[in-house]
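Each remark here refers to the structure printed beneath this line.
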Amino acid sequence: MTESTHPLGTVPQDELIARADADPLRPRFHFVSPAGWLNDPNGVSQWKGTYHLFYQYNPEGAFHHRIQWGHATSTDLVHWTDQPVALEPSAGPDADGCWSGVLVNDGGTPTLVYSGRLGEQELPCVAVGSADLLSWSKIPQNPVIAAPPAGVDITAYRDHCVWREGSIWRQLVGSGIRGRGGTAFLYESEDLRSWEYVGPLFIGDASQGDPADSDWTGTMWECVDLFRAREGSLGTVPPSGDAPDVLVFSAWDNGDTRHPLYWTGRYSENSFEPTGLHRLDYGGRFFYAPQSFQDESGRRIMFGWLQEGRSDAAMIEAGWSGVMSLPRVTTVADDGTLGFAPVPEIEKLRRDHVGLPGQELVGTGAPVATGVSGSQLDLELDVQLEPGAVLRLGLLGSADCGVSGKSKEETVIELCRTTEGDGQGTLRLDRTQSSLDPTVDVDDKSGPLPMPDGRVHLRVLVDRSAVEIFANGKPLTARVYPTLAGEHVSLTAEGTVRLLSFDAWTMAEIFGGARALFP
Ligand code: DQQ
């Protein structure tokens, strides 16, 4: 996706809503905007028990233009109530868009720090909220930082991570230094209004690695998110030495939204000392611009933007674009990398259940009938693969699936164990047969999957065109655009795969009634 404005006229509001509602590919249990365009999660938080999800929103149509902050609230992270738009562009430093940012609690006053866009430039702005977080006033001092650091040749400058450290506020603004790499500039303030520049927290090296690689760090870092992964908070001495600090960013290059990555390491004083670089989601750009927060029960919860894989024209025709991920609980795995799982609250949407008995699948490549079908599903499997074995879970398969052994359309999740017995393998999403529409993105997505003793816990959430996969905590998120309304779920094995458990549920939808573009 490139974030250019679209030279399109607007569609009447009723028409936009009607088009979006009529699209069979629109998810039913993920958060989507009422219609029009949605991108990054913003201001994700829990405030006095209520969860808040703000998001980049264009209610004029399914294209990125004159971005506002949409807003929805929830008491359970599952069902969302649309709230009035929180921020919209107005004369001044955000006249061309209210771009991404965060919510902080300023001594009881809800406060947004966001990027105001004017012309081709973004600068940090602040808005304060009413006690119910439903009305927002931009402060007269905006922009609160007048310009990017002087004398630095930057590629771009926007998005914010703001936290309290002792008696001061600290802020990161995402950026990149031309000829070097992505970075996050660190600032300090006593009042969120007057900021002092400290320096770059850490500078990436864009000359490292191949720009085509899925872990290339890019020329600019969007939506930086710094947090302490286990106990303790940023800037304090970690109670146990192994609680890493994590710097999440979305690698961007010259208008290309590439993929989310994270550094593990230690944040101390004015810098971040990295120990490792990791892919955050094997779906790359399909889980972009993630933002996280710690909820009142202490969980770190992350949302990301599931971009579209269809053309600009197809999005406009559909009347909507962009899906918010299900909220994910973020934990630290034994190897020090992050592990992810959908919040357990999602399970309350489970309806009809199908279970399969434990069995050994000795593969010939012929599909096993699962008796499961649907386009809104939650699947949970425990499997054990012998060295060299492969398990394929087919989703959204068209009608002839299982009869001819090959459906015309099918999206296939593949777990492969290497032949060596060390418990290494691969998670892959094969979308090559996912759609007969030749214009949609069907690139392969994959990543390494540690599987001790060949064991994999696989969780798959299918919601029409949105697929979120978690294999031993490694996420792979992507979009698919089947044209044949296929709903079959198939299982095939090559080599020996023990199916230890298999459970599938249909999933209820979360939006019952009509929604308004401007609630
Ligand atoms: N989207 C926002 C920017 C951010 C980008 C604009 C990431 O603030 O850098 O809608 O997707």
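Just so you know, ligand 1 is whichever comes first in the structure, and atom 1 is the first atom listed for that ligand. Everything numeric here is computed off the predicted structure, so don't read it as measured data. Note: hydrogens, waters and symmetry copies are ignored here, and every other heavy atom, side chains too, is used.
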Which of the atoms of ligand 1 are close to [X], meaning less than 4.0 Å from one of its heavy atoms?
{"X": "His64", "answer": "6 (C), 10 (O)"}
{"X": "Gln56", "answer": "2 (C), 6 (C), 10 (O)"}
{"X": "Ser100", "answer": "2 (C), 8 (O)"}

Ignoring angles and geometry beyond distance, decide whether [X] reaches within less than 3.5 Å of ligand 1 through its nitrogen or oxygen atoms.
{"X": "Tyr288", "answer": "no"}
{"X": "Thr257", "answer": "no"}
{"X": "Glu222", "answer": "yes"}
{"X": "Asp40", "answer": "yes"}

- Could you tell me whether Glu122 approaches ligand 1 through its side chain, its backbone, both or neither, with non-hydrogen atoms closer than 4.0 Å? neither
- Between Trp305 and ligand 1, which part of the residue brings a heavy atom under 4.0 Å of the ligand: side chain, backbone, both or neither? side chain
- Query: Side chains of Trp320 and Leu38: does their closest heavy-atom pair fall under 4.5 Å?
  - Reply: no
- Message: Quick one: does any side-chain atom of Gln291 pair with a main-chain N or O of Val44 as donor and acceptor, under 3.5 Å?
- Response: yes
Think [X] forms a cation-pi with [Y], using NZ or CZ under 6.0 Å from the six-ring centre and within 45 degrees of its axis?
{"X": "Arg328", "Y": "Phe287", "value": "yes"}
{"X": "Arg117", "Y": "Tyr157", "value": "no"}
{"X": "Arg170", "Y": "Trp195", "value": "no"}
{"X": "Arg28", "Y": "Phe511", "value": "no"}

- Item | Greater than 12 external heavy atoms within 6.0 Å of Asp210's CG | yes
- Query: Who's closest to atom 3 (C) of ligand 1 heavy-atom-wise, of Val224, Asn58, Asn42, Asp159?
  - Reply: Asp159
